[in-house]
Amino acid sequence: MITPLTQIETRTLIIGSGFAGLGMGVQLKRRGDDDFLILERAGDVGGTWRDNTYPGAACDVPSHLYSFSFRPNPDWSRVFSPGPEIQSYLQDTAHEEGLREHLRLNQNMEHARWDETEGRWHVLTPDHEYIAKFLITGTGHLADEAYPNIPGLDSFTGEKFHSARWDHSVPMEGKRIGVIGTGASAIQIVPEMAEIASELVVFQRTPSYIIPRGERAYTEGERRLFRRNPESITALRSELFWGGENTFAQRRAIPQFLEAGKKLALDHLSSQVPDPELRAKLTPDYEPGCKRVLISNTFYPALQSPVTTLESSALASVDGSTVTAASGAEYELDVLVFATGFEATEPPYAKLVHGRGGLNLSTHWEQGMQAYDSVTVAGFPNLFSINGPNTSLGHNSIVYIIESQIDYILGAMDYMTATGAEIIEPTPEAEEAYVRSIQDNAVGTVWLDGGCSSWYVDQRSGRLTLIWPDFGYAFRDANGTFHSEGYELRDISAIEPVTV
Ligand code: NAP
């Protein structure tokens, strides 16, 4: 017998409990709005910081900036705090802000459907049907891991896992380990593995620009000051934010800034890698910022450990324990670590979401993700996407963007309450014009013209779909406050839009 799904009604349904979902929940709760639920497919909050437990995981944005402005933390241990500390911060946020009662853990969204006559979203999990006026996705770009399609991988006789799904039951000491990739995750993992592996092979398809990591622990005196004087955290946050903004000129490809960025990275490479042959392999042939500029003081030294081999070509095939690179070189390995990134360009959740007339979000996005004001989508009423299309920054903190978007969404909700409108939806024309303006703004940036291939750009259309191609403060100026232009606001079942 099929058990009917339990129906649960709520005004606002938030998907995901990372920085975006929790931040949204905090702000609703602080306004006295208790009519919301947060669905989380895993057993705990934290998003990417819950998932990425690999050795060496840490943030490459300074912690006093990579945290909520409305929840400053005087106790960050370091400039760039380790992953578990960020995860604790998010767990404390959920607990201390009273979000636990709103959380529904282990609830995987399997289907979401807009019902126009009811003016409600219906979201299915394996055992519940959630019915909500507003659906807010906070699923991030780093939720679903990406594996390259490697012939013979199933035949691998050793252990294999993704960096975001680290298998801590696998003993790594003394093993022959292959790390695939040289992005932000890999450069944190490789130094840790070089300490314990008997042999370490790093498969590098494309070298990254790497700059020094200005890392240190905060002294007890500094932390006392932060505790006694919260203004000092605000001042530090502002200094870090504007320091980040200063590096945007490089992303705009302004020549002297581009050269300065390149020099900083290549000087770091020269100072850490004396061997010209190795240095050549590690020198990028594209402009800095086209792919994420990485920070590390330990990656290059780890590559020069006696146990490490830099294989400067892709992992191409696997046969049993033999792993073959595109160069033809073969290695015998016990463990493969896939630091190969995430399904960021084509987020899997889009296939699950069905808007007006059954329109599927992934169909709407078949030429790449897009949203009006980077937050709402034509054909998908009362849907808001935090940290969705054109929201990532290559040069500053995503938490700043998330907070801007939360403010916009709260403004939209207030506007609807004030006007009595039940349904909000951007017009296709407004969405297209916004997308065009983003693309116009992206022309000449390192992301489009920097000579690399990256997941910031949708390969199907060549559009920059992940990144906001401007200063961080410009995002808040443009998209941090709700405005009604470009929207249709309707009553339930109203055929004509209500006048606003
Ligand atoms: P990523 O930036 O997408 O890097 C994936 C790497 O895998 C790239 O080097 C890619 O090479 C390589 N790769 C893919 N298939 C390969 C193959 N067959 N053989 C060899 N190499 C292959 O993923 P990520 O390092 O996980 O980083 C993703 C994002 O997470 C970052 O941009 C950042 O936003 C975030 N992150 C942040 C931190 C932090 O400290 N805050 C830490 C980790 C991650 P190509 O370059 O040639 O494609």
Side-chain angles (χ1 to χ4, degrees), residues 18-20 23-24 48 60-61 65-66 69 136-142 184 240-254 257 261 287-293 342 344-347 365 367-377 384-409 411-412 426 430-450 452 454-458 461-483 486:
F19 269 99
M24 190 72 229
T48 199
D60 59 9
V61 178
L65 186 58
Y66 192 84
S69 63
I136 303 179
T137 62
T139 46
H141 301 305
L142 311 175
L240 292 168
F241 177 78
W242 290 107
E245 293 289 77
N246 269 338
T247 62
F248 181 69
Q250 190 190 311
R251 275 44 175 203
R252 267 247 74 90
I254 295 174
F257 292 96
E287 299 296 2
C290 185
K291 286 172 179 284
R292 192 175 177 85
V293 175
F342 298 86
T345 323
E346 295 181 51
W365 284 353
Q367 292 303 305
M369 290 189 293
Q370 62 180 56
Y372 180 52
D373 286 353
S374 297
V375 74
T376 50
V377 186
F384 297 93
S385 172
I386 306 178
N387 192 9
N390 295 111
T391 50
S392 291
L393 297 174
H395 71 286
N396 219 321
S397 170
I398 187 63
V399 183
Y400 177 86
I401 298 291
I402 287 172
E403 288 191 21
S404 307
Q405 296 198 286
I406 291 171
D407 287 347
Y408 185 104
I409 295 168
E431 183 176 306
E432 285 307 322
Y434 179 81
V435 170
R436 263 198 315 279
S437 76
I438 295 257
Q439 297 315 306
D440 289 349
N441 216 9
V443 171
T445 63
V446 287
W447 299 293
L448 287 189
D449 294 349
C452 79
S454 87
W455 46 268
Y456 298 146
V457 174
D458 195 296
S461 58
R463 275 201 293 114
L464 184 70
T465 55
L466 264 290
I467 294 268
W468 165 253
D470 208 333
F471 290 97
Y473 80 83
F475 187 92
R476 179 167 269 286
D477 281 358
N479 298 326
T481 305
F482 175 74
H483 57 88

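Computed from a prediction, not measured in an experiment: that's the story for all the values here.
Asn390 approaches Ser374 most closely through the heavy-atom pair O-OG, 3.1 Å. Here the shortest heavy-atom pairing between Ala253 and Gly444 reads CB-O, 3.3 Å. When all heavy atoms are compared, the tightest approach of Val293 to Gly289 is CG2-N, 3.5 Å. The two residues Gln405 and Gly388 make their nearest non-hydrogen contact at OE1-N, 4.5 Å. Nearest heavy-atom pair across Gly486 and Tyr372 is CA-OH, 3.8 Å. Nearest heavy-atom pair, Glu431 versus Ala371, reported as atom, atom and distance to 0.1 Å: CG-C, 4.1 Å.
The side-chain heavy atoms of Thr137 and Phe384, taken from C-beta on, include no pair separated by under 4.5 Å. Counting only heavy atoms from C-beta outward, the side chains of Ile398 and Tyr66 approach each other to under 4.5 Å.
Under the rule for a salt bridge (charged side-chain N to carboxylate O under 4.0 Å, His left out), the partners of Glu346 that lie at least two apart in sequence or sit in another chain are Arg460. By the side chain to side chain contact (heavy atoms under 4.5 Å, CB included) test, Glu403 is found to be paired with Phe68, Ser69, Phe70, Arg237, Val399, Arg476, residues two or more places apart in sequence or in another chain being considered. With sequence neighbours left out, the salt bridge (charged side-chain N to carboxylate O under 4.0 Å, His left out) criterion links Asp449 to no other residue. Remark: Asn479 engages Tyr434 in a side-chain hydrogen bond (donor to acceptor under 3.5 Å, both in side chains) (not counting sequence neighbours).
The structure places OG1 of Thr391 at 8.0 Å from CD1 of Ile402, a figure rounded to the nearest 0.5 Å. Taken from CG in Asn246 to CG in Asn396, the straight-line distance is 10.0 Å, to the nearest 0.5 Å. Here the CG atom belonging to Leu142 is positioned 4.5 Å from the OG1 atom belonging to Thr48, to the nearest 0.5 angstrom. Of the inter-residue distances, the one linking Ile386 atom CD1 with Met24 atom CE reads 5.5 Å to the nearest 0.5 angstrom. With rounding to the nearest 0.5 angstrom, the CH2 atom of Trp455 is 8.5 Å from the CZ atom of Phe342. Between Arg251 atom CZ and Phe257 atom CZ the span is 12.5 Å, to the nearest 0.5 Å.
Side chain of Ser404 to backbone of Tyr400: a donor-acceptor contact under 3.5 angstrom is found.
Counting only residues at least two apart or in different chains, salt bridge (Lys or Arg N to Asp or Glu O under 4.0 Å) contacts with residues 436-445 are absent.
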Which pairs would a plain distance check flag for residues 462-475, meaning a side-chain donor or acceptor within less than 3.5 Å of a matching protein atom at least two apart in sequence or in another chain?
from: Arg463; atom 1: NH1; to: Met369; atom 2: O; distance (Å): 3.3
from: Arg463; atom 1: NH2; to: Gln367; atom 2: O; distance (Å): 3.3
from: Arg463; atom 1: NH2; to: Gly368; atom 2: O; distance (Å): 3.0
from: Arg463; atom 1: NH2; to: Gln370; atom 2: OE1; distance (Å): 3.2
from: Trp468; atom 1: NE1; to: Phe471; atom 2: O; distance (Å): 2.9
from: Asp470; atom 1: OD2; to: Asn441; atom 2: ND2; distance (Å): 3.3

Inset, instruction - Decide side chain to side chain contact (heavy atoms under 4.5 Å, CB included) for His483 and Tyr408; before the verdict, give the C-alpha distance in whole Å, the side-chain angles of both, and the deciding distance to 0.1 Å. - result: CA-CA 8 Å; His483 57 88; Tyr408 185 104; 4.0 Å; yes
